[in-house]
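What follows is a short report on a single structure.
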There are 2 protein chains.
Amino acid sequence: MSKKRRNSITIFDIASEAGVSASTVSRVLNNSMPVDPAKRDAVMKAIQTLNYKPNLAAQELGRGRTMTIGILMPLSVSIFYNTIINGIEQRLEQTPYRSLVAASNFNPQEEHKLLDLLVARKVDGIISLWSQLDENYLLEIAKETPFISIGRVLPGIEKHSLVVSNMLGAYQATRYLIERGHTRIAHITGALSVPDGVQRLEGYKKALKEAGLEVDPQLIVEGDFDEQAGLFGVGVLFARGARFTALFAGNDMMAMGARLGFYRHGMRVPDDVSLVGFDDQPGAAYTIPPLTTVRQPLVEMGRMAGQAILDLIEDQEPDLPQFNTELLIRESVATVVRNDFNYKMYMPS
Amino acid sequence: MSKKRRNSITIFDIASEAGVSASTVSRVLNNSMPVDPAKRDAVMKAIQTLNYKPNLAAQELGRGRTMTIGILMPLSVSIFYNTIINGIEQRLEQTPYRSLVAASNFNPQEEHKLLDLLVARKVDGIISLWSQLDENYLLEIAKETPFISIGRVLPGIEKHSLVVSNMLGAYQATRYLIERGHTRIAHITGALSVPDGVQRLEGYKKALKEAGLEVDPQLIVEGDFDEQAGLFGVGVLFARGARFTALFAGNDMMAMGARLGFYRHGMRVPDDVSLVGFDDQPGAAYTIPPLTTVRQPLVEMGRMAGQAILDLIEDQEPDLPQFNTELLIRESVATVVRNDFNYKMYMPS
DNA sequence: AGAATTTGTGAAACCGCTTTCAAAGTCGTT
DNA sequence: AACGACTTTGAAAGCGGTTTCACAAATTCT
């Protein structure tokens with residue numbers, strides 16, 4: 001079916017070129033042992049002139065370690081996940097470890113395949129982001145290979161899991177809205193099939209209850225984290241005739257969708273309706289108006305995950321801190337001025 | 001410094017388990033040769049019960065081909081590049097080839113290192129996106145390994161390069177603005193250190209000249225593709241006292257930045273000023289108002305690049321089509337109603 | 001029925017590098 | 001000068017697969 005390409009110059013070629021043994025070449029390559037300076041130079045020169053590049057597969061096979069840690073993420077086309085990965089790589093950069101990332105595009109089949117691929121590649125560790133895979137399968141893999149889970153806690157290895165409190169973030173967002181005088185706060189949820197979505201919903205409810213406000217189902221519509229859902233969500237809200245002065249969206253993308261929805265209905269943000277998102281995705285600072293949102297310390301999370309996987313590889317128990325969200329106050333929320341007769345409620349025209 | 005992990009079960013383990021030779025196991029694994037059904041089943045079962053996973057490094061070394069094509073991109077945290085990569089992977093999915101992507105974060109040092117890594121990994125082909133590396137170095141690599149360049153044409157292997165006409169896109173955008181009655185059109189350029197930036201500037205100028213309009217340096221400010229630059233750019237424009245009714249931004253991110261700039265200055269889009277971007281990045285459809293912009297067929301480009309690298313691997317000359325941009329008309333441009341006394345009069349359409 | 005093919009199979013060589021092991025050199029002591 | 005303790009070094013044995021090769025067994029053809 002196809003030809004091999006077995007051209008490459010090997011360690012032996014450069015060995016003979018330099019007049020030493022292959023072992024010696026290997027030794028200067030990894031300087032794993034002292035080598036006579038003269039020979040070392042000869043080897044270096046040979047490497048140079050023959051433009052030798054070690055064969056990675058051979059190295060890995062030879063030493064039984066790949067020096068790479070695999071990263072499994074749900075979606076390649078996502079700044080959110082990539083930012084975390086950035087953090088991981090920042091940590092790894094200072095080590096001899098490389099990273100190898102695989103994206104499943106939210107397809108569990110594909111994710112399974114990719115995870116197997118990482119295992120087949122014998123990566124030294126795996127960091128998985130928001131895996132959708134079966135718990136037991138993951139645990140099984142975690143038994144064989146150092147494994148860190150981000151965005152999902154795996155029972156039994158909670159210590160190797162890293163999540164931020166979605167609940168807290170949603171609570172902060174809602175709470176803030178309440179403090180600014182809003183009492184009728186709508187919520188477009190994230191996908192309720194994933195924990196993040198329901199946890200954020202919970203946080204929203206908690207803030208409401210704590211403030212003695214009722215949780216009105218009329219004000220809640222289920223979304224799926226997509227811009228579309230935001231746009232559609234405000235449509236639903238209006239169709240219901242819901243009355244609200246603020247909207248908390250389950251993430252920034254939905255907030256942007258909602259923003260467009262309001263625009264279509266001729267409602268100004270924040271003058272007519274306040275809006276808060278979740279994630280602080282890039283660009284959130286450049287919406288009109290700049291979006292108030294909940295920030296997760298993504299890069300920092302990545303860094304810590306990187307540290308944790310290194311710990312695990314060294315057989316040390318990782319020490320994963322608690323990550324908290326932070327409310328980023330920008331310009332999409334207005335204070336509502338109370339009025340005994342009229343709560344400053346808005347309705348589309 | 002560290003321990004090996006040499007636990008794994010090998011082809012021999014499953015060979016003895018199934019009562020056949022290792023060669024046979026290999027044969028059923030790749031079904032490269034007919035094997036007695038009974039033995040085949042035995043092998044399958046053994047694989048199952050021992051939960052065997054072939055060692056990729058060993059496979060690659062053994063067969064001298066890695067069945068992976070490397071992708072080198074400038075920035076991991078970018079939907080733009082990732083969309084192209086998506087296209088590549090779509091094409092690859094239907095083949096036995098895997099992809100391996102490496103991101104340099106615009107750091108030439110890093111890019112060099114990563115490219116070397118791909119070579120060391122002996123990938124069967126390389127697709128490079130907007131490489132910043134030295135031409136000769138790239139050509140040298142292209143000599144050894146099938147190589148496709150996206151976003152930059154490499155002299156000598158133009159046929160292996162894939163670019164879209166930035167010039168055309170910018171021309172389309174500017175032309176459209178002119179057709180809508182705009183005569184004073186500002187432009188915030190991309191980074192002029194990269195071809196895309198200057199080509200878009202050229203396209204802008206071309207459209208202007210063609211329409212008999214002067215190219216006013218007052219209306220041009222250099223940006224760098226970042227939101228910041230857009231925001232800053234309109235600041236500069238206003239500081240100069242420049243008068244314009246439309247702005248063509250070198251990309252969407254700068255358009256968003258500019259959008260915020262206008263907002264800060266109390267100018268409505270498109271009522272007071274029209275705006276067009278470039279790239280159609282996700283979210284561009286959800287700006288306020290939805291942004292008119294130039295679309296590049298990213299996914300399609302990726303697919304074709306995937307096809308091309310496969311061709312190259314098969315020793316066939318790839319047939320890369322010409323990719324054209326397309327103007328996506330949304331809502332950020334208004335028609336100007338001319339007025340002899342004051343051209344600053346608009347009518348949103 | 002016997003010759004000529006055509007399977008199916010295991011042994012062994014090989015892929016390119018690392019690492020163990022033992023031999024050969026060095027050097028410092030006594 | 002002889003001896004022991006380190007250093008350097010090359011040969012050789014892996015690492016876990018693939019593939020060639022030779023051979024036995026099963027088919028097919030006269």
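Chain letters run A, B, ... following the sequence lines, proteins first, then strands; residues in each count from 1. Just so it is clear, the structure is predicted and the values come from calculations on it, not from any experiment.
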### Query
Between C/dC17, D/dG17, C/dT9, which nucleotide has the shortest distance from any of its atoms to the side chain of A/T10?
C/dC17
### Query
Quick one: which of D/dG17, D/dG10, D/dC15 gets closest to the side chain of A/L61?
D/dC15
### Task
Please check if the side chain of B/Q132 supplies one atom and the backbone of B/F106 the other of a donor-acceptor pair under 3.5 Å.
yes
### Message
Quick check on C/dG16: is either OP1 or OP2 less than 4.0 Å from any side-chain nitrogen or oxygen of A/Q59?
### Response
no
### Query
For B/L56 and D/dG16, what is the distance between atoms CG and P respectively, to the nearest whole Å?
14 Å
### Task
Could you work out which one of D/dT8, C/dT9, D/dT19 sits closest to the side chain of A/D36?
D/dT8
### Summary
Per atom distances to the A/S26 side chain, the nearest of C/dT19, C/dC17, D/dG17 is C/dT19
### Query
Starting at the 5' end of DNA chain D and moving along, which residue's nearest nucleotide shows up first, A/A58 or A/S23?
A/S23
### Query
Which of these nucleotides, D/dG10, C/dG8, C/dT9, is closest to any side-chain atom of B/P34?
C/dG8
### Query
Are the side chain of B/S78 and the backbone N or O of B/L75 linked by a donor-acceptor pair below 3.5 Å?
no
### Message
Rounded to whole Å, please give me the gap between CD in B/E60 and P in C/dG16.
### Response
13 Å
### Message
Strictly below 4.0 Å, N to O, side chains only: are B/E93 and A/K113 in salt-bridge contact?
### Response
no
### Message
Can you identify which nucleotide, out of D/dT18, C/dC17, C/dT7, has its nearest atom closest to the B/I11 side chain?
### Response
D/dT18
#### Entry: Phosphate-side-chain proximity, B/N55 and D/dC15, N/O vs OP1/OP2 below 4.0 Å
no
#### Entry: Separation of D/dT20 P from B/R63 CZ (nearest whole Å)
13 Å
#### Entry: Under 3.5 Å donor-acceptor pair, A/R27 side-chain atoms to D/dG10 base atoms
yes
### Message
With a 3.5 Å distance limit and no angle check, can you tell me whether A/T66 reaches the backbone of A/K122 through a side-chain donor-acceptor pair?
### Response
yes
### Query
If you measure from the Lys or Arg side-chain nitrogens to the Asp or Glu carboxylate oxygens, is any gap between A/E300 and A/R303 under 4.0 Å?
yes
### Task
Grab the NZ-P distance between B/K53 and D/dG17 for me, whole Å please.
12 Å
### Task
For B/R65 and C/dG16, give me the distance from atom CZ to atom C1', rounded to whole Å.
18 Å
### Task
Under 4.0 Å between any heavy atoms, over every strand shown, what does B/V20 touch: base, sugar-phosphate, or nothing? Just pick one.
sugar-phosphate
### Task
For B/V25, answer base if it contacts any base atom (sugar-phosphate contacts may also be present), sugar-phosphate if it contacts only those atoms, and nothing otherwise; contact means non-hydrogen atoms under 4.0 Å.
nothing
### Task
Without swapping roles, check the side chain of B/E158 against the backbone of B/G156 for a donor-acceptor pair under 3.5 Å.
yes
### Query
Distance check: side-chain N/O of A/K39 vs OP1/OP2 of D/dT9, anything under 4.0 Å?
yes
### Query
Considering only side-chain heavy atoms of B/M33, which listed nucleotide, D/dG10, C/dT18, C/dT9, is closest?
C/dT9
### Query
How many Å lie between CG on B/N31 and C1' on C/dT7, as a whole number?
16 Å
### Summary
Taken to the nearest whole Å, CD1/B/I9 to C1'/D/dG17 is 14 Å
### Query
Within this structure, what is the CG-to-P distance between A/N30 and C/dT20, rounded to whole angstrom?
13 Å
